[in-house]
Amino acid sequence: MRPVADITPLLDLAHARALDWLARVPTRPVGATATRAQLLHALGGALPWQGAPAADVLDALCAGVEPGLVSTVGPRYFGFVTGGAVPVTVATEWLASAWDQNGALYVMSPAAAVVEDIVSGWVLELLGLPASASVGFVTGCHMANFTCLAAARHEVLRRHEWDVETQGLQRAPAITVVVGGEVHVSITGALRMLGIGTSELRVANADGQGRMRPDALAAQLAGVTGPVIVCAQAGNVNTGASDPLHAILSIAHAHGAWVHVDGAFGLWAAAVPELAPQVASLSQADSWATDAHKWLNVPYDSGLAIVAHPAPHRAALSLRASYLQRGDDEERMGMDWVPESSRRARGFALYTLIRTLGREGLIDLFRRSCAHARDMAQQLAAVPGLSILNDVVLNQVLVRCSSPRHDGDDDEMTRRVMASIQAEGTCWAGGAVWQGRQVLRISVSNWSTTREDIARSAEAIARAYRAHCATDASASA
Ligand SMILES: *Cc1c(COP(=O)(O)O)cnc(C)c1O
């Protein structure tokens, strides 16, 4: 066995195939082109009894997956809220795989633990959050929400003399959980896993931009005395708008509530001086969940669970001593802060990202996305029949396509335009139902998007819309 000799041709092959892929991204259709059946045909087959040369397997994988890959790494993918991958973070992930470190325990990788500590400090500073907060490196914002809400559940029950980790939830004092009318599904999903069902949630209505209304929150909390958790949001997944955190925090904290902020992408507004007022008072919250694989543009899977109070954070997740204060120079046990035990060392890519871009480069990345979103909105709004339904305050744009026929169905027209855009391949945008109306949803979250990409994409969207209008006109003529 000569391990280095064995792996060299494989890494060379992976390197070459990765470069081929990245070179094709600018010109290939943004979406996938193969059907599910075609992918199954190309990649499937009986469970192999005998192995095959690794290089052949890699080559066959590359060929088989190509038509099923989506160019989320490229500049004109606007679906969901999807970041790409800044080059240095891709290279770092290759090294992280070669190093194959386990982030669970200090002794399993002192390097991974120390890098996570350093990145934690930088992230807290970037976001203007308390330097004493604890940070868990999780798979994404869904698990960040879960982690933070586990800490919340621990703490609000502890204040009512209940230790949920040993006594469970079945006879515990009832927790009042308030969410906004536009709560993200990952909050309800996380709460479900924590024993709090969707029909138990109190909903504080949202305004026309999806922001929780403080008066609605006050009404939901009136007369409530037991344990309370309030789930606020920075960056609505459709509009990008953030809840009025200052008002929400003062109402919720007056009721002794734990306030959690789901800020998968919107939390990063805090890092940009002119956007920070959208999340004013953010640092007063009790916990914050965010993603690194969205707006920070590191590869999947990477999210951050941040808790202002390390003791309940650790008590909720740690599998060792349940209630220890964290010493200043204590070694980091990665598994104290996340739901997993063994896991990938996720801090390395964030480390090289932050050192490569610096605070300035990160601010520039967020600013550019917002400017591109405004440009996109402006260019689409100039097309007769297209309208923008949200205030473009961040990186999100909601587009509505009206049918030129007076008896026409705008929902249907919007869906048809969306399908055409996806099939045509210049760019990719998905849909959503926003306050009862079908919209085309555009999120600008990729570091590599340029003004030219926005112009090309806006043209493609306008073209698709005009084509449908022309079809309808000739059908009714
Ligand atoms: C994307 C998103 C999540 C879930 O994040 P994942 O990375 O998919 O786990 C949660 N909240 C908001 C507001 C989001 O946009």
Side-chain angles (χ1 to χ4, degrees), residues 70 72 77-85 89 123 127 135-150 152 179-194 198 201 206 209-212 229-243 245 248 259-270 275 278-279 282 285 287-306 338-340 343-344 346 349-350 366 369-370 373 390 393-398 429-434 439 441-446:
V70 177
T72 51
Y77 184 86
F78 305 114
F80 306 92
V81 181
T82 303
T89 66
V123 163
L127 292 169
V135 181
F137 291 72
V138 291
T139 52
C141 195
H142 191 161
M143 289 319 288
N145 282 327
F146 173 84
T147 301
C148 292
L149 290 168
V179 299
E182 287 289 338
V183 63
H184 192 267
V185 287
S186 66
I187 288 281
T188 53
L191 288 166
R192 226 164 59 182
M193 290 190 280
L194 289 163
T198 45
L201 304 178
Q209 297 297 319
R211 296 173 292 223
M212 185 194 289
I229 298 172
V230 173
C231 300
Q233 184 165 258
N236 175 276
V237 76
N238 290 309
T239 65
S242 292
D243 290 349
L245 295 174
I248 286 170
V259 180
H260 169 66
V261 181
D262 173 10
F265 58 99
L267 209 63
W268 297 95
L275 301 177
Q278 294 181 29
V279 291
L282 181 73
S287 57
W288 308 266
T290 193
D291 261 320
H293 55 222
K294 286 183 177 171
W295 222 356
L296 285 185
N297 281 263
V298 309
Y300 294 103
D301 40 29
S302 186
L304 299 163
I306 309 172
V338 301
E340 303 132 300
R343 69 178 162 84
R344 183 177 187 80
R346 300 192 177 97
L350 277 159
F366 304 137
S369 302
C370 296
N390 65 316
V393 294
L394 213 62
N395 61 332
Q396 305 288 114
V397 184
L398 301 180
V433 175
W434 174 246
V439 291
R441 180 164 165 271
I442 295 170
S443 173
V444 187
S445 309
N446 191 295

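As the structure lists them, so they are numbered: ligands from 1, and atoms in each ligand from 1. This is a predicted model, so every value here is computed, not measured.
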May I have a table of the N/O to N/O pairs between ligand 1 and the protein that fall below 3.5 Å, each row giving the two atom names and the distance to 0.1 Å?
from	atom 1	to	atom 2	distance (Å)
ligand 1	5 (O)	Asp291	OD2	3.2
ligand 1	7 (O)	Cys141	N	3.3
ligand 1	7 (O)	Asp291	OD1	3.0
ligand 1	7 (O)	Asp291	OD2	2.7
ligand 1	7 (O)	His293	NE2	2.8
ligand 1	9 (O)	Cys141	N	3.2
ligand 1	9 (O)	His142	N	2.8
ligand 1	11 (N)	His184	ND1	3.4
ligand 1	11 (N)	Asp262	OD1	3.0
ligand 1	11 (N)	Asp262	OD2	2.8
ligand 1	15 (O)	Lys294	NZ	2.8

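Remark: Glu182 pairs with no residue by the salt bridge (Lys or Arg N to Asp or Glu O under 4.0 Å) rule, at least two apart or across chains.
Counting heavy atoms from C-beta outward, Asn145 and His260 have side chains that approach closer than 4.5 Å. Counting only heavy atoms from C-beta outward, the side chains of Leu275 and Leu394 approach each other to under 4.5 Å.
Between the side chain of Asn395 and the main chain of Ser445, no donor-acceptor pair closer than 3.5 Å is present.
A donor-acceptor pair shorter than 3.5 Å cannot be found between the side chains of Ser302 and His293.
Around atom OH of Tyr300, more than 12 heavy atoms belonging to other residues, nucleotides or ligands sit under 6.0 Å away.
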